Amino acid sequence: MENNRGQWGSNLGFLLAAIGSAVGLGNLWGFPYKMGMNGGFAFLIIYLLLVVFCGIIVVSIEMVIGRKTGKSPVLAFGELGKRYKFIGWMGVASSFIILGFYSTIGGYVIKYMVDFALNIFGSGSFKGVGGAEYFASVFQNPGISVAFHVLFMALTIGIVMGGVNKGIEKFSLFAMPALLVLLLIVMIRSVTLPGAGEGIKFMFSFSSDKFNFFQAVRAAGGQMLFSLSLGMGALITYGSYLSPKENVIKNSFIIPLADTVFALLAGFAILPAVFATGLDPKSGPSLLFETLHEVFNGMGTVGLFLGFAFYLLALFAALTSSVSLLEVACSHFIDSRLIKGKSPNRGVITIVVGAVITLFGLPVAFDALGSSGMFQPLGLIWLDFYDLLAEGIMMPSAALIMSILVGWVFKDKFMDDEIEKEGNKFIWRGFFKFCTRYVTPVLMTFVLISLVMSFFGK
Ligand code: PHE
C-alpha cells in the first residue's frame, strides 16, 4: 500500500516511534515523583490498573481509527461521521498547545546538555553555583529561553520534514536504543551510590498517612494519559501509516508496557541519586534542572559525564515525543491537500506549521515559569495554563468520547473488522468490549473532573 502520505518501513519502526512518542519528559519528571508522593507501590498498582482498563483500550481504539481510515485525526473522525470531526480538531489543537510548552522545556534540556559538555572541557560556569541559582540564570533570561526553544523546534521540524519513514522512523530506530543504553548507564551509577536505598524507599514505600486514594487515582490518570500520548490523535496519526498486516492488539499491549518500564527505569536513575546527594525530591522543571544539576555537579568529573549523558537521553526522549506532536498537525494539512487532489509539499507544510507552533510557544518561553510578572491566564503560569487546556481538559475528554463512541455508537464490528484483518486474532475481546462500554468511560469521567479541579488546587 504505497502512497504519498508515507508508511512505516517495519512494525519495529512503528513501535519504536510510538514508544518514543510515549516516553518523554513526562516519564522523567512526572512518574517517579508522583509515585513516591502517592503511595509508592500502591500508586504503581493503581497506575497499572488504569493502564490495563483505560490505557491499552484507548491505545487500541486510536490505532484502529487511524489504520481503518488511513487518515490524520480530523479527516479520520470526519469519515466516521461529520459531527465527530471536532474530536480530531481537539487533537490538532492539543498538538499546538502541548508542543507550545514542551519545546521551552526541551530547549532547557539542550542548554543543560551543552553546558555539561562545556564544563567537561573546562570552559563552563558551574563552579560554585547551586542548582537553583543556575537554573534561575537560565530560565529568567528570555534571550536564552527563546533561543533554545527555537533550536528545539528547529530540530523537531528537521526530523518531521524527513517524512514518516526517512525522518521519524529512522530517528526513532536510532534514538530509542540510545536512550535505553544511556538510561541504564545513569541508573547503574545512581543505584550504587552510598545512600541510594533511600530513593528506592521513597519510590516504593507505602505510608498510610500520606495516601489518599482519590488523589492517587487522579495523579495516575493524568500521568497515564499524558505519558501514553493519548486523546490527542498521535496514535491515530501513527496508526494511519501502519500496514494492515500488523497486529494492532499486540502493539497496544507493547506500547504501554514499554512506557511503564521506561518510567520505572527513570525512577531508578533519578531518585536514588537525589537522595544519595541529600536533596529533597521534586517534580517538573525543578527536578529536571535544579535538583539533578546539583546531583551531577556534585559528583566531580564523572558527574559531568553523567550529567551530559542524562541530558542527552532527556533530549532523545523529548524529541521522539515532539516529532509525534508536530506530525499530528502536519499530517492534517498534508491530508487536506491530498483530499483536494493537490500534491502536498511536506517540507513547506512542516516549516510553516512548525513556525506557527514556535510563535505559539513564545508566551511560555517569556513567562520564565511565572517569574516574569506577565499576565497570568486564570491565575496560572503559562506552562500550567497550556497544560490545563491539553492534559487537564482536552486529552481526558477525547479519551472519554472515543471510548463511548466505540462502546455504544459504533459497537463491536468497528474494532473486530480492523483488528481481525489478515487473520490476526482479537485476544481479550470480551474484556475490551466491557471496558469500552463501562469501565473506561467511568474512570475517564472521574479523571477529567478531578484533573480540572487539581489545577485550581482543589
Ligand atoms: N508522552 C509524552 C511524554 O510523556 C508527551 C506527549 C503527549 C507526546 C502527547 C505526544 C503527545 O513526555
Side-chain angles (χ1 to χ4, degrees), residues 16-35 47 51 55 58-59 62-63 66 72-73 88 90-106 108-109 152-153 156 159-160 168 171-172 175-176 179 183 219-239 255-256 258-267 270 283-285 287-288 313-332 357 361 383 386-399 402 451:
L16 290 191
I19 295 168
S21 169
V23 176
L25 297 173
N27 300 59
L28 302 176
W29 82 16
F31 185 87
Y33 176 81
K34 284 186 190 165
M35 185 169 157
Y47 185 83
V51 166
V58 184
V59 167
E62 288 204 22
M63 270 195 291
S72 49
M90 284 200 316
V92 175
S94 294
S95 74
F96 276 67
I97 294 168
I98 299 174
L99 194 47
F101 71 80
Y102 214 73
S103 61
T104 290
I105 310 298
Y108 296 149
V109 169
F152 182 83
M153 281 305 299
T156 305
I159 298 167
V160 173
I168 299 173
F171 180 67
S172 307
M176 293 310 291
L179 161 58
L183 194 57
Q223 177 68 26
M224 180 209 63
L225 287 172
F226 188 76
S227 192
L228 287 174
S229 311
L230 290 182
M232 52 78 58
L235 283 167
I236 296 180
T237 310
Y238 276 14
I255 299 165
D259 183 59
T260 310
V261 169
F262 267 99
L264 287 169
L265 289 180
I270 293 171
S283 73
L287 170 69
L288 217 47
L313 82 83
L315 179 61
F316 286 152
L319 278 174
T320 47
S321 297
S322 64
V323 294
S324 71
L325 289 161
L326 183 56
E327 181 62 21
V328 169
C330 292
S331 68
H332 171 68
I357 295 179
L383 189 149
Y386 278 16
D387 195 24
L388 164 70
L389 294 179
E391 189 184 348
I393 299 173
M394 289 199 282
M395 294 168 104
S397 306
M402 276 190 264
L451 270 180

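Just the heavy atoms: all of them, side chains too, but no hydrogens, waters or symmetry mates, feed the values below. For clarity, every value in this text was computed on a predicted model and none was experimentally measured. As the structure lists them, so they are numbered: ligands from 1, and atoms in each ligand from 1.
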Quick check: does any side chain N or O of [X] sit under 3.5 Å from a backbone N or O of [Y], one acting as donor and the other as acceptor?
X: Asn27; Y: Ser227; result: no
X: Ser229; Y: Ser21; result: yes
X: Tyr386; Y: Gly361; result: no
X: Ser321; Y: Ala22; result: no
X: Gln223; Y: Gly26; result: yes

For ligand 1, which is the ligand I care about here, please tell me if [X] has any N or O atom under 3.5 Å from one of the ligand's N or O atoms.
X: Phe226; result: yes
X: Leu25; result: yes
X: Ser324; result: no
X: Gly26; result: yes

Suppose we measure from [atom] to each protein heavy atom; which comes out shortest, and what is that distance?
atom: atom 9 (C) of ligand 1; answer: Ser229 CA, 3.5 Å
atom: atom 12 (O) of ligand 1; answer: Tyr102 OH, 2.5 Å
atom: atom 2 (C) of ligand 1; answer: Ser21 O, 3.3 Å
atom: atom 4 (O) of ligand 1; answer: Ala22 O, 3.1 Å

Next on the checklist: Just to verify, what does Thr156 make a side-chain hydrogen bond (donor to acceptor under 3.5 Å, both in side chains) with, not counting sequence neighbours?
Outcome noted: Ser322
Enumerate the atoms of ligand 1 whose separation from the nearest heavy atom of [X] is less than 4.0 angstrom.
X: Ser227; answer: 1 (N), 4 (O)
X: Leu325; answer: 9 (C), 10 (C), 11 (C)
X: Met395; answer: 9 (C)
X: Ser321; answer: 2 (C), 8 (C)

Next on the checklist: Any non-hydrogen side-chain atom of Ile357 less than 4.5 Å from a side-chain atom of Leu325?
Outcome noted: no
Next on the checklist: So, 4.0 Å and heavy atoms of Glu391: is ligand 1 close enough to count as a contact?
Outcome noted: no
Checklist entry - Where does the angle between the aromatic ring planes of Tyr47 and Phe31 fall among parallel (under 30°), tilted (30 to 60°) and perpendicular (over 60°)? => result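 Perpendicular, since the angle between the ring planes exceeds 60°.
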Next on the checklist: My understanding is that only one of Cys330, Ser95, Pro73 makes a side-chain contact (heavy atoms from CB on, under 4.5 Å) with Thr237; could you say which?
Outcome noted: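 Of Cys330, Ser95, Pro73, side-chain contact (heavy atoms from CB on, under 4.5 Å) with Thr237 is met by Pro73 alone.
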